[in-house]
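Working notes, structure below.
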Amino acid sequence: MKKIIYIITSIFLYTTVSAIEKTKEEKVAEYVLKNIQKDYTSCYAFYKIAHESFKKASAEKFVIEGLAKSADVTLKFAHDLGEVLNYKPKVMAENNKNEIKKLSTIAKKDFNKLAKKYGIICKSLVENQKQRINYWENEGNKKIK
């Protein structure tokens with residue numbers, strides 16, 4: 001009788017622990033979501049800074065509007081993913097503020113460096129999200145065992 005109780009208890013504990021512990025796929029999926037959310041936050045900051053810079057430089061109206069639209073799109077995606085990850089709006093707003101501050105520092109020193117680093121990544125993130133998701137999924141599979 002003790003053996004049966006022991007076996008039932010062991011099975012119950014094992015299945016409970018297994019259910020609580022995330023699978024590798026779940027961990028990789030969370031890794032992807034967190035990194036894509038960070039990418040969108042960085043791209044929001046980049047587009048916001050670029051928008052202001054081009055506006056001050058009196059660039060073509062369609063360029064300024066395109067940058068503003070890209071900033072809006074990336075902000076929306078960053079917040080949507082943040083909600084999925086259970087980030088509080090206040091935390092996301094603070095992350096946006098910090099990223100704008102960080103990228104503004106780079107832009108003041110060398111805007112071309114900022115544009116080179118973020119321009120292509122952000123453009124592809126907005127136009128081809130699958131490519132960036134695949135990138136983070138591959139990184140997650142390498143990193144998470």
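By convention here, the first residue in the shown sequence is residue 1.
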So, Asn141 side chain and Glu137 main chain: donor-acceptor pair closer than 3.5 Å or not?
yes
Lys145 side chain vs Lys142 backbone, donor-acceptor pair below 3.5 Å:
yes
Mind checking the CD1-NZ spacing from Ile49 to Lys102? Nearest 0.5 Å is all I need.
10.5 Å
Heavy-atom closest pair (Ala115 atom, Phe46 atom, distance to 0.1 Å) is CA-CE1, 3.8 Å
In plain terms, say whether Glu52 and Lys56 are close enough for a salt bridge, that is, a side-chain N and a carboxylate O under 4.0 Å apart.
no
Report the distance from atom CZ of Phe111 to atom OG of Ser53, rounding to the nearest 0.5 Å.
4.5 Å
Any side-chain heavy atom of Ile106 sitting closer than 4.5 Å to one from Asp110?
no
Would Thr41 and Glu99 count as having a side-chain donor-acceptor pair, cut-off 3.5 Å?
no
Crowded around Tyr31 OH? As in, over 12 foreign heavy atoms under 6.0 Å?
yes
So Gln129 and Ile36, do their side chains get closer than 4.5 Å, heavy atoms only?
no
In Å, rounded to the nearest 0.5 Å, how long is the span from OH of Tyr87 to CD of Gln37?
5.5 Å
Please report the closest heavy-atom contact between Ala107 and Leu114, naming both atoms and the distance.
CB-CD2, 3.6 Å
Closest approach of Arg132 and Asp39, non-hydrogen atoms and distance?
NE-OD2, 2.7 Å
Minimum heavy-atom distance Lys48-Ile100, with the two atoms named:
CG-CD1, 4.4 Å
Sequence neighbours left out, cut at 3.5 Å: what donor-acceptor pairs do the side chains of residues 63-74 make with other protein atoms?
{"residue": "Ser70", "atom": "OG", "partner": "Gly66", "partner atom": "O", "Å": "3.1"}
{"residue": "Thr74", "atom": "OG1", "partner": "Tyr44", "partner atom": "N", "Å": "3.4"}
{"residue": "Thr74", "atom": "OG1", "partner": "Ser70", "partner atom": "O", "Å": "2.9"}
{"residue": "Thr74", "atom": "OG1", "partner": "Ala71", "partner atom": "O", "Å": "3.1"}

If I take atom CG from residue Leu81 and atom CG from residue Asn35, how far apart are they, to the nearest 0.5 angstrom?
11.0 Å
Shortest non-hydrogen contact from Ala78 to Met92?
O-SD, 4.0 Å
Just by modelled atom types, is the Lys27 backbone N or O under 3.5 Å from a matching donor or acceptor in the Glu30 side chain?
no
Could you check if a side-chain atom of Tyr135 sits within less than 4.5 angstrom of a side-chain atom of Glu139, using non-hydrogen atoms only?
yes
Does Leu75 belong to the same Ile/Leu/Val/Met/Phe/Trp/Tyr cluster as Val91, with side-chain heavy atoms less than 4.5 Å apart forming each link?
no
Lys123 and Glu127 ion-paired at < 4.0 Å
yes
Should Ile121 and Val126 be counted in the same cluster of Ile, Leu, Val, Met, Phe, Trp and Tyr side chains packed under 4.5 Å apart?
no
Would you say that His79 contacts Tyr40 through its side chain, given a criterion of any heavy-atom pair below 4.5 Å between the two side chains?
no
Say whether Tyr47 and Phe62 are linked into one hydrophobic cluster, either directly or through other cluster members, by side-chain heavy-atom distances under 4.5 angstrom.
yes
Determine, using the 4.5 Å side-chain heavy-atom cutoff (strictly less than), whether Leu85 and Val28 are members of one ILVMFWY cluster.
yes
So for atom NZ, which belongs to Lys113, do other residues, nucleotides or ligands contribute more than 12 heavy atoms lying within a distance under 6.0 Å?
no
